[in-house]
Amino acid sequence: MSRTTAPAPADRKDGGSAPAGGLSHGLKQRHLSMIALGGVIGAGLFVGSGAGIAAAGPSIVLAYAISGVLVMLVMRMLGEMSAANPASGSFSVHAERAFGPWAGFTAGWAFWFLLCVAVGLEGIGAAKIMTGWFPGTPEWAWVALFMVVFCGTNLAAVKNFGEFEFWFAALKVGAIVLFLGIGVAAIVGVLPGTEAPGTANLTGDGGFFPHGSEGLIVGLLASVFAYGGLETVTIAAAESEHPVQGVAKAVRTAMWRIALFYIGSMAVIVTLVPWDDKAVVEKGPYVAALDHLGIPAAGQIMNVVVLVALLSAMNANIYGASRMAGSLVARGQGPQALGRTFGGVPRPAVLVSSVVGFGCVLLSYWSPDKAFIWLLNTIGAIILVVWFFIAASQLVLRRRTEREAPEKLVVKMWLFPGLTWVALAGMATVFFLMAREEGTRVQLYSTGALTLLLAVVGFALQKARGTAAATANEPVAEEA
């Protein structure tokens, strides 16, 4: 399908087919492919996965495999809807089409809030690495520098964002491929200076499930949230040269590659390094594995990779937040000033998203034990809420599209509707497990409160808009 015949982005308030908010189409297919891969490969994989390994032991491989299947189903559903109706608001637009403006409002602003807070968290993580290299320098200054750089990148033409993210993601992907290559060589015993470990680390010291089902559950929860970020590619697809083919190809290729990188990395790490090695948590699992193999300067090498991962995530999240805000405003669900575009870029939305992200950083200094912790808890389960909206929307829109425009189903969900219900059941199970675990219960309730608040506001706005429209259409009585 050519660009001229592809369905146009559906972000307009009136449901028309004009380009979303005047956005440009400067992203190429190579940009989309790397955005899909790079958006999900961040510090959560390189560093945060250590906590999951400590909790689940070797069964972390099973935890990542289970959550990976769930993510594949979600992305397939999102890919189906986004290929049929590319929109910079992605799942927010789909939720609105399926259930009404309140659903788009809730999913969209919740995700925008998540991305803004994530920008701040990534800035803090990157600044800690820089202060380690340059002792005595203030963390906030590094964060401010990163914010200025990536805010500037996103204020320019979208192709500049695409180029930055392409090379950032390429470095991360290259690092993981190299790590997997070295790890597999060590496992089979062909890496010079090493002996094949066999299955000693997988079956010894407590076995494959050292902490039983409870450890697997903790590892499963950690792995679910590590996969967040893939959604950005469907937001970016609306600004690509060929939105339909772009999102279809990016989603298809990204799903199995992400699974390979995540599950493969975990398998290599727990095979090479004892799961209870303190270095797995203290240094990060990748550094621990490379140190175990005697790779020179492993710590500094991974610090560079983690820094790139954090900066890449900052760049992508500022982009995603600005496009989501711009889409919401274009549909009459936010302040109109945020929706203005200049040169095909929603610059006010970029600036506001960056400022909110930096505000989260300031809260980490001013109120680390109260306001900042509240922020972290509030965003704890938002990605699950977004996935729930995606699955529920796909149930409705798939049948509608089959009736009205079956030719738009370029990407189809497997075994519909069975696997969609399986995905919804999987999400409900994760919600239940979060309620059971003391460490995640507060996050679940905080996210639930935010979601409920947004839904109430969305309903109120929807009702007010409906009342105003009805009043405007009433005939005016003639004076006697």
Side-chain angles (χ1 to χ4, degrees), residues 9-18 20-21 77-78 81-82 84-85 87-116 231 235 238 321-340 346 348-349 352-353 356 378-379 381-401 403-404 424 427-428 431 444-477:
D11 282 300
R12 289 203 328 183
K13 184 177 179 180
D14 60 4
S17 60
M77 289 183 278
L78 184 55
M81 294 184 292
S82 296
N85 291 281
S88 63
S90 186
F91 51 83
S92 172
V93 171
H94 308 322
E96 179 172 340
R97 293 179 63 237
F99 302 109
W102 73 269
F105 180 94
T106 304
W109 284 117
F111 191 69
W112 175 84
F113 182 64
L114 167 67
L115 293 185
C116 289
E231 305 81 13
I235 295 174
S322 65
R323 268 45 177 191
M324 182 59 72
S327 170
L328 287 161
V329 171
R331 289 177 277 137
Q333 297 180 1
Q336 290 300 311
L338 283 181
R340 297 184 63 190
V352 170
S353 300
V356 172
T378 302
I379 67 170
I382 285 180
I383 197 64
L384 272 175
V385 172
V386 167
W387 291 354
F388 189 87
F389 271 110
I390 290 171
S393 301
Q394 193 264 344
L395 272 178
V396 175
L397 296 181
R398 169 64 175 268
R399 292 189 173 96
R400 186 185 301 171
T401 305
R403 291 194 309 268
E404 299 174 358
L424 283 167
M427 294 172 213
F431 282 129
L444 177 63
Y445 295 160
S446 299
T447 299
L450 174 64
T451 304
L452 180 60
L453 175 63
L454 288 172
V456 169
V457 174
F459 267 120
L461 290 176
Q462 179 177 320
K463 186 175 181 180
R465 213 161 27 234
T467 302
T471 302
N473 291 329
E474 285 182 359
V476 179

(request) Give a yes or no answer on whether the side chain of R331 reaches the backbone of S327 with a donor-acceptor pair at less than 3.5 Å. (result) yes

(message) Please check: side-chain N/O of R97 versus main-chain N/O of N85, any donor-acceptor pairing under 3.5 Å?
(response) no

(message) Tell me every residue that passes ring pair (Phe, Tyr, Trp, His ring centres under 6.0 Å) with F389, counting only those two or more places apart in sequence or in another chain.
(response) none

(request) Mind checking ring pair (Phe, Tyr, Trp, His ring centres under 6.0 Å) for W387 and listing every partner two or more places apart, or none if nothing turns up? (result) none

(request) Could you tell me whether F113 atom CZ has more than 12 heavy atoms of other residues or ligands within 6.0 Å of it? (result) yes

Shortest non-hydrogen contact from [X] toward [Y]:
{"X": "A87", "Y": "V93", "value": "CB-CG2, 3.8 Å"}
{"X": "S92", "Y": "L328", "value": "OG-CD2, 3.6 Å"}
{"X": "L114", "Y": "I379", "value": "CD1-CB, 3.8 Å"}

(request) Hey, could you give me the CG/CE distance between L395 and M77, rounded to the nearest 0.5 Å? (result) 8.0 Å

(request) For Q333, enumerate each residue passing the side-chain hydrogen bond (donor to acceptor under 3.5 Å, both in side chains) test, keeping only those at least two apart in sequence or located in another chain. (result) E96

(message) My understanding is that only residues two or more places apart in sequence, or in another chain, count here; which of them pass side-chain hydrogen bond (donor to acceptor under 3.5 Å, both in side chains) with S82?
(response) H94

(message) Quick test of your reading: applying side-chain hydrogen bond (donor to acceptor under 3.5 Å, both in side chains), list the pairs with at least one residue in residues 98-115, sequence neighbours left out, ordered by first then second residue.
(response) W112-S353

(message) Quick check: do T447 and L384 have side-chain heavy atoms less than 4.5 Å from each other?
(response) no

(request) Side-chain contact test, heavy atoms from C-beta onward, threshold under 4.5 Å: evaluate it for F105 versus Q462 and give yes or no. (result) no

(message) According to side chain to side chain contact (heavy atoms under 4.5 Å, CB included), who are the partners of A392, at least two apart in sequence or on a separate chain?
(response) F99

(request) Before giving the answer on side-chain contact (heavy atoms from CB on, under 4.5 Å), spell out for I382 and L450 the whole-Å C-alpha distance, their side-chain angles and the decisive distance to 0.1 Å. (result) CA-CA 9 Å; I382 285 180; L450 174 64; 3.8 Å; yes

